[in-house]
Structure formats: C-alpha cells, structure tokens
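In what follows, a structure is listed as structure tokens, so that the remarks can point back to it.
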2 protein chains.
Amino acid sequence: MRIAELSRQANVSIPTIKYYLREGLLSPGERTSRNQASYDETHLGRLRLIRALIDVGKLPVATVREVLSTLDEPDMPLHEVLGVVSASLCERRQTEPDDVLAAGREDVDALIERHGWQIADDTPELDVLAGIIVSARRLGHPHIADAFDNYCEAAAAIAEVEVGYVSELGTVENVLEGVVVGTVLGEAALAAIRRLAHQNVSARRFTES
Amino acid sequence: MRIAELSRQANVSIPTIKYYLREGLLSPGERTSRNQASYDETHLGRLRLIRALIDVGKLPVATVREVLSTLDEPDMPLHEVLGVVSASLCERRQTEPDDVLAAGREDVDALIERHGWQIADDTPELDVLAGIIVSARRLGHPHIADAFDNYCEAAAAIAEVEVGYVSELGTVENVLEGVVVGTVLGEAALAAIRRLAHQNVSARRFTES
DNA sequence: ACTTCTAGATAGTTACACTATCCATGCGAG
DNA sequence: CTCGCATGGATAGTGTAACTATCTAGAAGT
C-alpha cells in the first residue's frame, strides 16, 4: 500500500506520517523506486499504536520513540522490556532536591518492604512515589501515604491478572506489544475507573436517593 | 510577606509567580500601596498546590485554573465539586468520531451496570473509557476490557477508603482541597504503584531467584 | 540619598507537535 | 507516449503552552 492508503486507513495525515518517519517512530516502507515505497500491515499497526500512545496515553513523541525502539530490540527478556517501558513512562524532571526526596524514599522503601515486593533499588517509580509523598506532606496532607497500602493491595491483584494475561499472547511480538498497550492504555483506564468509583461512592453518601 | 519571600518559601521564581497572578491561578496579595502587596500563608499554600498539580499531576495551567476556581466556589456541594474536578481532569480532545465511540459506550455502560454503580450518563470518564476500548480493539487487543472488571473492584475498594478519609478532614476548605489533592496526587501514585506491582509479579515469574 | 525591591505591562524565548511548500522524480490512465 | 497527479525528501513555517526578560514608575529600607 502507498502512503495515501496508509494515511486513510490509520486516519493520520500524510505530513504527519512523514514527520513520524523523520522522527524514527515509524520504519520506512520498502522502496520500489527512487520516489516510491510500499507500506504493509505492520506499518499500519505501528502507526495505530503510535496514535494510541499519543492520544490515549498522552505520551510525548520522544517517549513513544523510546518505547517503540525497545519493542524492536530483538532479544531482550520480557522482564527487562517491562522495566524499560516503565522507566520511559516515568520521564519526569526531578523537581525535588535529593535530600528532601530522601525523606520520602524511607516511606516508600518501608511500603515495598511491608508488602514483600521484589523491586530493584534504582527503579524510577520509587523516586516518583517519594516525590508524591513529600509533595503531599508539604500541602498538609501527611495522611496520603496511608492510602498507599490500599493501592498496593489493589495493584497486586490487578498486576497478577494482567501479567498472566499478557504472557499468554503467543508470539513474542504480541507479548511485547501487549505489555506496552496494557501498561499505557491500562493506566489511563484505571485512572478513569477510579474517578468513576469516587463518583459512585460520593453519590451514595452525599445525595439523598 | 512580600513577593520575594513567597518566592523563596515556595521555591517558585518571581516572574513565574507574576505569571500565575496574571493567569488568575493565584489571587492578588493585599495591596499596601501603589506598588506593594503583601501575601500570607494562604497564598503560600495555594502556590504549593499549584506546583503540585503542575509538577506531580502534570495538569496544564488552564486546568489548574479551572480546578482552583471550583475550590473557591463557596457553596457548592461536595459531590458536585468532585464531579467538576473529575471533569476538568478529563479534558481531552475527542479523538474518535461519535459513531465509533458508541460501540465502546455499550461495553462501558454494561460494565457500570454490572457493578451496580450510580453514575450520571454524561460523565466524561464514560466516553474516555469508551475511547480506550475502541482504541485497544483497533490495536488487536479486544481483551483489554476484560481487565476492567478487575479495575472496578480494585477502584471500589480504594474509593471507599479515600472518600471516607477525605470527608473527615474538618473544615470545608480542607475537605475540598483534600478532594483535589487526593484525586490528582492519588492518581499519579496509583499509576506508579501499579507499575511497581507489574515489576514485582514479573520479577517473580520470569527471573530465577 | 541611594540602593534594592515591587506591581504591572509588554515582549521575547523555548519546546513540542505538527503543517506547508518545494522540488525532482516516476507511476499510470488515456 | 505524455501529462497530470502522487511520492520521497528537504526545509521552513505555524500554533500553543509555559514560562522568562525587560522596562517603567514608584515605594521601602538603611
């Protein structure tokens, strides 16, 4: 298929496709002559994945490139892919100085310990969580970390199912893509569902039915 | 306190504070003369809240303004504040055409029905979820919606605790701020913890210990 | 008195994600 | 065979968001 067809099927404008090609998000089509290339289903799938990560997952283009290039790493073990994808999603400028963050890290480490989780010490999420804790404390909500034990239990149940599901997807490529889709779209979905749950609980408590 | 002190304590540059004042995120200080104003603890707290929403919650400035102006609405019932804050966080351009979205909405409505949740039909999260479902289907992962029942159970447990906690914060202002902080920072924390849970499950399954 | 700080206004900067044009080809319908 | 329209590649431009810098006139502190 030529670029016009790719554009139509993925619902992405031709200039944007060219932009993604330039940025290395999308691999070039197979050249059939100096100014022709043909694209196939893999390009279409990749392009749809790109749009999903950007539109639904709100990932910046640079992060999408990172994530996708990890997917294309042929012989990376599944566990490591998960780590790299996860790390890419954390990409956030360290907004707290190290010494302030350290206070939060103690709580985070204790949390992980309490739940008996096996997590590498340099996992960026740990610092993200620490940052959230110090931020909440500064806002006068020191309690917030108390909710994290709840989150951990909920997340553990969720993760068990998700990892189980993903690892049964058959081909390696499917599994890897499943990890990305599950991580990114799942995160958006969980956030939305949590807010719905708030609405529900709040409706039951604070409105006369 | 004058602006320099506010800047120092909140760790936000003076030009940025002026920018927030212009944008209406921060209420002006009390004028003491033509070119002097004094700021108090409420300004400091508000400024810290702004930074937390922007840095941790990644909210755009326009959304922060919306959320904060809702907080300052004096006599809005708690349940409604939650709805408005929630809606502000959804602010995402509708990327799917209505007819395509409708297919996803059926699944979402069934999900809500199954769990017996009481949710207004026009809650924007419902469309967000629908968008995620159609997006996942297009990517060849029709299964993803299956995980949503899990998410719902987990979210219900979480929400019960959170709403209970927040409603015991004493003054109305504290409760309202608690809603915002809990919603936004909690979302970031839950996402991070979910990824940690993935790491943990994956580590146990795919690495020899 | 004199340096430093301040409010307010205006303009400039940086980063990001596209979008528009141009050109030299080359395919493909007539 | 030819002529219009699509294509790949390169370069430049656009719009938005979130600051950042400069300037002016006036006030504070020492």
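Each chain gets a letter, A, B and so on, in the order the sequences are listed, and its residues count up from 1. Every value quoted in this text rests on a predicted model; they were computed, and no experiment measured them.
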Listed partners of [X] passing side-chain hydrogen bond (donor to acceptor under 3.5 Å, both in side chains), at least two apart:
X: Y151(A); answer: R194(A), E162(B)
X: T63(B); answer: E91(B)
X: R8(A); answer: E5(A)
X: E23(A); answer: R65(A)

Let me spell it out: for each of I3(A) and L59(B), pick the nucleotide of DNA chain D with the closest heavy atom. Which residue's pick is nearer the 5' end? I3(A)
Considering residues at least two apart in sequence or located in another chain, which fulfil the ring pair (Phe, Tyr, Trp, His ring centres under 6.0 Å) criterion with H198(A)? none
Roughly how far, to the nearest 0.5 Å, is the CG atom of L26(A) from the CD1 atom of I17(A)? 7.5 Å
Kindly compute the distance separating OG1 (T95(A)) from CG (N11(B)), expressed to the nearest 0.5 Å. 7.5 Å
Pair up each side-chain donor or acceptor in residues 74-86 of chain B with any protein partner under 3.5 Å, not counting sequence neighbours, and list the distances.
residue: H79(B); atom: ND1; partner: S202(A); partner atom: OG; Å: 2.4
residue: S86(B); atom: OG; partner: E125(B); partner atom: OE2; Å: 3.1

Enumerate the residue pairs fulfilling salt bridge (charged side-chain N to carboxylate O under 4.0 Å, His left out) with a member in residues 26-46 of chain B, sequence neighbours excluded, ordered by first and then second residue. R46(B)-D72(B)
Please list residues of residues 32-57 of chain A whose heavy atoms come under 4.0 Å from any atom in DNA chain D, ordered by number; otherwise none.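 Going residue by residue through residues 32-57 of chain A, the ones with a heavy atom under 4.0 Å of DNA chain D turn out to be N35(A), Q36(A), A37(A), Y39(A).
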Without placing hydrogens or testing angles, list every side-chain donor-acceptor pair under 3.5 Å for residues 101-108 of chain B, not counting sequence neighbours.
residue: R105(B); atom: NE; partner: D109(B); partner atom: OD1; Å: 3.3
residue: R105(B); atom: NH1; partner: D127(B); partner atom: OD1; Å: 3.1
residue: R105(B); atom: NH2; partner: D109(B); partner atom: OD1; Å: 3.3
residue: R105(B); atom: NH2; partner: D121(B); partner atom: O; Å: 3.3
residue: D107(B); atom: OD1; partner: R137(B); partner atom: NH2; Å: 3.3
residue: D107(B); atom: OD2; partner: R137(B); partner atom: NH2; Å: 3.0

Without decimals, in angstroms, what is the distance between [X] [atom1] and [N] [atom2]?
X: I17(A); N: dT7(D); atom1: CD1; atom2: C1'; answer: 12 Å
X: E23(A); N: dG9(D); atom1: CD; atom2: C1'; answer: 14 Å
X: E5(A); N: dA6(D); atom1: CD; atom2: P; answer: 14 Å
X: K18(B); N: dC23(D); atom1: NZ; atom2: P; answer: 13 Å

Contact state string [nucleotides 11-17 of chain D, B base, S sugar-phosphate only, - no protein heavy atom under 4.0 Å]: B------
With sequence neighbours excluded, give me every ring pair (Phe, Tyr, Trp, His ring centres under 6.0 Å) pair touching residues 35-70 of chain A.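 The answer is Y39(A)-H43(A).
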Going 5' to 3' along DNA chain C, which nucleotides are the first and last within contact of chain A (any atom under 4.0 Å from a heavy atom)? dA17(C) to dC27(C)
